[in-house]
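We're numbering straight along the sequence, starting at 1. Predicted, not measured: the structure shown is a model, and the values here were computed from it.
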Amino acid sequence: MRTSVALAALGAQIASAVVSLEVSGADFINPTTKDRFQVVGVAYQPGGSAGYDPEHGFDPLSNPAKCMRDAAIMQILGINAIRVYNLDPNLNHDGCASIFNAAGMYMMIDVNSPLVGESIDSTAPWTTYTKAYLNRTFAIVEAFRHYPNTLLFFAGNEVINDEATAEFNPQYVRAVTRDIKQYVAKNSDRPIPVGYSAADVRSVLFDSWNYFACSEADEDDDMSRADVFALNSYSWCGDSSYTTSSYDKLVSGFEGTSVPIFFSEFGCNTPAPRVFTEVGAMYGKEMTPVFSGGVVYEYTYEANKYGLVNISSDGTVTLLDDYYALQNQYNKIDFKTLQSAAADGASVKPPTCSSKLISSKDFSSNFTLPKQPVGVDALISKGVSPTPTGKIISISDYSVNYTVRNENGTVLTNLAVKPLASNAANTPGSNTASSSSSTTSSSSGSSGSSGSSGSSTSAAFGRVEMLWVPAVALGAVFPTLFALFL
C-alpha cells in the first residue's frame, strides 16, 4: 500500500502555490499583482468538536492523507480558503498546510477551542483572560505563522450575540486582538491579519463592527484595532433575493468600511437541499464593492444537517446534493475577472474610537482595555516555550487514497490534488477528475482511488438554530460534539 502523502527529504526544493496576502484598507490584496482577493471559502472541521482531540493527538489538520482527499474535492469545487475552528498547536501540521498551499488554498485559523483554559468565558471574561490562556493562544499563532497560506487569525467568534454579552466582551475581544497583533509584530517575519467573526444579530452587529474597526489614535497601526471583520450570516434561505434576505441592509450598513468585510459563515439549510442562490449576489456587482466573499458552512455533514460531503467512519466520502448545487452556482461566476479586479479600498481611513460610533445603549462604549496579565509581556518579547514550528514541505505524491463517490454512488477515479503554479490561488476549473460507472466498489480508508473499470464521466459537473458549546469563548463558540470523526 502506498502512503497518500510522500514527503520528500529535507532540503528538497519547495514549490509555493500561494503568495501571502495583505490587507490594504478595505481589501485583501495580492502584493505581487496588486489585485483584490475574494474569499471563496468553506468551514473545515470534520467531526465537529470531536474532530479536535488533544488527548488522542489529532485535529482537522494533523492527518495529511485526509487533507489530501479533502483538498482534491475542494479544488474541484473551486474553494480558495478554509476556515478551521479548533486546533492543537502541539501537533505537526506541515503536511496538511503544504497540501492546501499547493492546492491554492488559504487558511483562516480560529485561535480558541471549547476546552477549559483554551477560551474566555463570555459570561465573565475577566476570570479567564489569563497568562495561561494567552500562552496557548500565542502557541496557535506560532504553529501557523510560518505558512504562507495562513491568511488570518480569528481572535473571537460570536462572542457578542445579544445585548447582555455586549457590556464587557467588546473590551476583551479588542484586548486579545491587541495581544495577538503584538505577538505577531514581535515574532513573525510578516504581518498576519487578526480579526473577529460576528453573529449576524442586527442589534449588536454594526456596533461590533464600529467598536473593533475604529482606531484608538489617529494612526493606522493601532494594535487593538481589528484588521478584518467577518460575520456568520444565515439570512438568505432557499431561493431568496438580495432584498428579501436583507443583504441590501448589510451592504448599506457596512458601506465605507475601512477593513475587509466578508461572510465567515453562510448557507441557511432550510429549506433543504440548499440551492445557494446567494452566491450570485455575494460575488455580484451590488455586493463586491463592500464584501470580500464568503465561507460556506460547512464541509462535512454532521448531525446539524449542514455539509457538502458525508464522511464515513472508514474515510470514504460521498459528495452530497449541496456540493453540486454550490458548484453549479460557482460555475456561473467569472472568477478570473473577479479576482483580477484592482483594489481600491486603501483610501478609506478608520474612524477614531468614540462613544458616538455606538448606537445601542447596551453596547459598551468603553475603549479602555484590560491590561495584559502579569508575565504576558515576556511571552511576547521572548516567544512561547516550547515553541511550535511549521514549514512548507515537499510532497511527491498528490494522489488520493480514499474512496470518493458522487451522489449516485459512482466512484471518482484518478482523484488527486493538482499543484498550482507559484502565486496562484484555486479557482473553479483548476482541477477536474473522472469517475467510473461502478457503484459496488469496496470502500476502504486505506485503499487507493478504487473502483472497477467502466465508462467515465466528469466529476466537475435560516440555518436552523445551531447548538453551541456552553460557557463559550472568543472563538470557541463552535457547534457541539456531533462526532462522526474519521
Side-chain angles (χ1 to χ4, degrees), residues 21 24-30 33-43 74 77-81 83 106 108 151 198 200 202 205-206 209 228-269 271 273-297 308 322-348 425-430 460 462-463:
L21 298 179
S24 177
D27 298 324
F28 292 111
I29 64 165
N30 181 315
T33 65
K34 306 303 180 183
D35 292 338
R36 186 184 182 207
F37 178 81
Q38 288 276 326
V39 173
V40 185
V42 66
M74 293 180 200
L77 183 58
I79 297 300
N80 65 19
R83 179 185 180 182
Y106 293 91
M108 304 177 188
L151 176 57
D200 185 8
R202 302 301 164 89
L205 177 63
F206 296 113
W209 166 59
V228 299
F229 186 86
L231 64 152
N232 302 333
S233 179
Y234 295 82
S235 63
W236 188 303
C237 295
D239 192 13
S240 189
S241 70
Y242 180 64
T243 54
T244 301
S245 66
S246 76
Y247 272 26
D248 60 329
K249 300 295 192 302
L250 292 175
V251 170
S252 62
F254 289 123
E255 190 172 8
T257 179
S258 60
V259 298
I261 302 280
F262 65 96
F263 293 100
S264 43
E265 291 177 10
F266 76 89
C268 176
N269 68 349
R274 295 183 282 184
V275 291
F276 293 112
T277 50
E278 65 263 51
V279 166
M282 191 178 303
Y283 299 104
K285 62 181 181 179
E286 291 177 306
M287 297 193 70
T288 53
V290 175
F291 277 79
S292 294
V295 176
V296 67
Y297 193 84
L308 307 178
D322 282 8
Y323 178 94
Y324 294 98
L326 183 61
Q327 184 181 55
N328 179 57
Q329 297 297 334
Y330 283 156
N331 287 341
K332 297 176 183 179
I333 307 301
D334 180 3
F335 281 109
K336 183 176 181 180
T337 299
L338 185 69
Q339 300 287 23
S340 62
D344 60 3
S347 61
V348 180
N426 189 49
T427 57
S430 293
R463 113 180 121 170

side-chain contact (heavy atoms from CB on, under 4.5 Å) for Asn232 and Val295? Distances and angles first, verdict last.
CA-CA 9 Å; Asn232 302 333; Val295 176; over 6 Å; no

Sorted by chain and residue number, the side chain to side chain donor-acceptor pair (under 3.5 Å) partners of Ser430 (sequence neighbours excluded) come out as Asn426, Thr427

Listed partners of Asn80 passing side chain to side chain donor-acceptor pair (under 3.5 Å), at least two apart
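Partners of Asn80 under the side chain to side chain donor-acceptor pair (under 3.5 Å) test: none.
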
Identify every side-chain donor-acceptor pair in residues 282-294 under 3.5 Å, counting partners at least two apart or on other chains, and give the distances.
{"from": "Tyr283", "atom 1": "OH", "to": "Val39", "atom 2": "O", "distance (Å)": "2.6"}
{"from": "Tyr283", "atom 1": "OH", "to": "Gly294", "atom 2": "N", "distance (Å)": "3.4"}
{"from": "Thr288", "atom 1": "OG1", "to": "Gly284", "atom 2": "O", "distance (Å)": "3.0"}
{"from": "Ser292", "atom 1": "OG", "to": "Arg36", "atom 2": "NH2", "distance (Å)": "3.2"}

Which pairs pass salt bridge (Lys or Arg N to Asp or Glu O under 4.0 Å) with one or both residues in residues 273-282, sequence neighbours excluded?
Arg274-Asp322

Quick one: list whatever passes side chain to side chain contact (heavy atoms under 4.5 Å, CB included) with [X], sequence neighbours left out.
| X | result |
| --- | --- |
| Lys34 | none |
| Asn30 | Val19, Leu21, Thr32, Thr33, Asn423 |
| Lys336 | Asp334 |
| Pro271 | none |

From Arg83 atom CZ to Phe262 atom CZ, the distance as rounded to the nearest 0.5 Å
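The CZ atom of Arg83 sits 7.5 Å away from the CZ atom of Phe262.
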
Interatomic distance, Ile261 atom CD1 to Trp209 atom CH2 [nearest 0.5 angstrom]:
6.5 Å

Over all heavy atoms of both residues, which pair between Asp239 and Val275 is shortest? Give the atoms and the distance, please.
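That would be N-CG2, 3.9 Å.
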
Looking at every heavy atom in both Tyr330 and Pro428, which two are closest together, and how far apart are they?
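Distance-wise, the nearest heavy atoms are CB-CG, 4.2 Å.
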
When you compare the side chain of Leu231 with that of Leu250, does any pair of heavy atoms fall below 4.5 Å?
yes

Parallel, tilted or perpendicular, as decided by the 30° and 60° cut-offs, for the rings of Phe276 and Phe266:
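Phe266 and Phe276: perpendicular rings.
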
side-chain contact (heavy atoms from CB on, under 4.5 Å) assessment of Val40 paired with Phe335
CA-CA 10 Å; Val40 185; Phe335 281 109; 3.5 Å; yes

Mind checking ring-ring contact (aromatic ring centres under 6.0 Å, His included) for Phe206 and listing every partner two or more places apart, or none if nothing turns up?
Phe254

Qualifying residues under ring-ring contact (aromatic ring centres under 6.0 Å, His included), relative to Phe37, sequence neighbours excluded
Tyr106

Are the side chain of [X] and the backbone of [Y] linked by a donor-acceptor contact shorter than 3.5 Å?
| X | Y | result |
| --- | --- | --- |
| Thr277 | Gly238 | yes |
| Ser235 | Ser245 | yes |
| Ser24 | Asp27 | no |

Check each of Tyr242, Tyr247, Phe263 against Trp236 using the ring pair (Phe, Tyr, Trp, His ring centres under 6.0 Å) test, and report the only one that passes.
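That would be Tyr247.
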
side-chain contact (heavy atoms from CB on, under 4.5 Å) assessment of Leu326 paired with Val42
CA-CA 11 Å; Leu326 183 61; Val42 66; over 6 Å; no

So, using salt bridge (Lys or Arg N to Asp or Glu O under 4.0 Å) as the criterion, who are the partners of Asp200 when residues are at least two apart?
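Only Arg202 meet the salt bridge (Lys or Arg N to Asp or Glu O under 4.0 Å) criterion with Asp200.
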
